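All figures in this text were calculated on a predicted structure; none of them were measured in a lab.
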Amino acid sequence: MDDSRSPEYDPSPDPRRPDMRPPAEGPRHSATAPPSRRRSRRRSRLGWILSGIAGVTVLALVGAGVSWYVLSRPAPAETAAAYIEAWSSGDYAAMGEVATGGDVVAAHERIAAELSVETTTASVDTVSEDGDRATATFTVTHTLADAGEWGYAGELPLRLVDGAWRVEFSPRVIHPELSEGQTLTRVSERNERGHILAADGSRLDTEDAAGSVKILTGSVGTVTEEDLQQLGSAYQVGDPTGKGGLQQAYEQRLAGVPDTSIQVVSDGEADDATADEPTVVGTIEGADGEDVATSLAPAVQRAAAQAIVGQDKPAAFVAVRPSTGEILAAATIPGGYHRVLDGQYPPGSTFKIVSYSALLDNGLTMNDTMDCPKTADIGGWPFKNAHDAAYGEQTVTEAFATSCNTALVKEVTERLDSELLTAAAEQFGMNAGLDIGLSSTDPSFPPPENNTMLAAASIGQGKILTSPLQMATVAAAVADGSWRSPVLVTDPAVPDQPQPRPVDHAEALRSMMRAVVTDGTASEAGFTGEVYGKTGSAEFGTPQEGEELDTHAWFVGFQGGADLAFAVMVEGGGGGGSVAAPLAKSFLDAL
């Protein structure tokens, strides 16, 4: 066995065995190098290898630590993005959480209020880092109420604080032109105001306009401190603004958009932004106001006003175009409020147009006859006719023309019920808002609770309350064949108007309304031409024993071939045929 290949073989001399010497030559050793040098070289190579491995290990560990540090170190871009995102959402508290320095929340809330900021859109553009400092550039756009958009660019200074990046807040962060103790405010300059026009394009909002027209148009006054809360930041005390009527209802359209400037002011001087040479940091161009067009026809308006101007009792006259529902005239005396739109009155016998329409829809024919006694007891209540008249047997047209109450209440209680009469009333616009482009009262038809109330409602009494405007649309519906909701403002168009509602027996109702003028209760008024109508004397007030109630005088109708319907009412005027019908004649004669 070769001992030199044994694991226990050691070629070095053994001091305990001096007689042992290595062989002169062998297969594993250099022939020229001494054994000690050979051992040294082997050990050097091993040390170099181990040192290399250790070095690589150290470098790897150091590199991992550096990589972890670099990857986990907070980035200024993240802080800038969080700040800008919070600004866009209006979360000022979140902005303050990533900032250091001043009161972020108070400063932003103050400026947002001063400028009336509705929305903000901001974005980070660039981020540059230099040691423990960084700078982010941003772009921001504010939408200001009643003005529009205003945008600008700025910078966010950032600093590393306790291992976290923070925005170094100051007023300059909000806007680059701001310094300590300064804020932003806005100043508005009004542009030319629009006008209110008649159907022919002429102005209605003039100083010499008639009183009825001025109630409709309203006026232009000046803004007060009390007005500012409702009008908003586009206004300042002393600015022009609409007061009542169309001027107020269409203020935003008529006033237009003011020219707006954003100015730098010292804290506490926002209300004095027009002081000496203010620093203007932004402007938003406004626009002139737009006109509001109405359907009023000046000639028809004058005729309506002249028809009632001599009355010693309050009165109202309204004219509409049956084919469109447009209001052509609306006159009222005296002033105070517009009785055409806001008056609330029982319609009396003018409502019989609706009642007969319901009867014709539910079995009554023009060939039927009706009995008109002096009185008719309905549910224990005695109904009677004007002047205690009794006409006996009549045709349907005759009963309508003479305005017989007793014949009607008997037919209604036999053929109709509360639901059917209510449906007929609503077909002609009752129990719904009349959106004419200006505030007006709604006509009301409470469903009758029993036969007595059903009979009272059928002759326009009971709990019914309506306006001259609504009753003019009833006459217009017969003229046209469909009920249309009335409208005053034509530009801008009034949205969501109801569809026309057909009146199935309009032709029969026309012949009945014509008989009122030729042979009935309005025959003494002296109408000329093809006029159709219905009189009404509506009782009101609380009855006293042995006394007759006062009555409002009504007449509603239309002129054949003229696309013109109307209603006239005199408060406490008495008889519709003797008082209201002659006023309608005067109106038509003046056209």
Side-chain angles (χ1 to χ4, degrees), residues 212 297 299-322 328-333 339-340 345 347-353 356 385-387 389 391 394-395 397-405 460 468 471-472 474-476 478-479 509-538 550-591:
S212 294
V300 182
Q301 177 68 32
R302 285 192 296 270
Q306 290 170 3
I308 61 174
V309 70
Q311 292 297 303
D312 57 1
K313 293 184 177 181
F317 204 117
V318 56
V320 300
R321 179 173 286 122
L328 304 176
T332 184
I333 58 167
R339 290 164 182 81
V340 167
Y345 310 98
S349 292
T350 59
F351 190 78
K352 290 177 181 177
I353 298 171
Y356 272 90
N385 302 309
H387 312 298
Y391 298 102
Q394 293 182 300
T395 66
T397 298
E398 288 172 337
F400 184 88
T402 59
S403 200
C404 178
N405 291 332
M471 290 310 300
V474 172
V478 177
L509 292 169
R510 289 185 201 117
S511 65
M512 295 159 64
M513 291 178 69
R514 179 62 178 155
V516 171
V517 173
T518 57
D519 303 305
T521 55
S523 60
E524 299 297 320
F527 286 104
T528 58
E530 190 181 346
V531 180
Y532 303 73
K534 181 69 188 79
T535 59
S537 302
D550 289 335
T551 59
H552 302 312
W554 283 90
F555 186 77
V556 303
F558 58 93
Q559 187 173 40
D563 202 11
L564 176 69
F566 51 84
V568 57
M569 188 277 312
V570 180
E571 291 185 14
S578 59
V579 175
L583 300 180
K585 178 184 182 302
S586 296
F587 163 74
L588 294 174
D589 289 347
L591 293 176

How long is the straight-line distance from CE of Met512 back to CD1 of Ile353, given to the nearest 0.5 Å?
9.0 Å

Straight-line distance of Gln559 CD to Leu588 CG, nearest 0.5 Å:
5.0 Å

Whether [X] side chain and [Y] backbone form a donor-acceptor pair below 3.5 Å:
X: Asn405; Y: Asn385; result: no
X: Lys313; Y: Gly572; result: yes
X: Thr350; Y: Lys534; result: no

Check: [Y] and [X] side chains under 4.5 Å, non-hydrogen atoms:
X: Phe400; Y: Gln394; answer: no
X: Phe555; Y: Pro582; answer: no
X: Leu564; Y: Leu591; answer: yes
X: Phe587; Y: Val300; answer: yes
X: Val556; Y: Val474; answer: no

ring-ring contact (aromatic ring centres under 6.0 Å, His included) partners for Tyr391, two or more places apart:
none

Stepwise, does the side-chain hydrogen bond (donor to acceptor under 3.5 Å, both in side chains) test hold for Ser349 with Ser403?
CA-CA 7 Å; Ser349 292; Ser403 200; 3.2 Å; yes

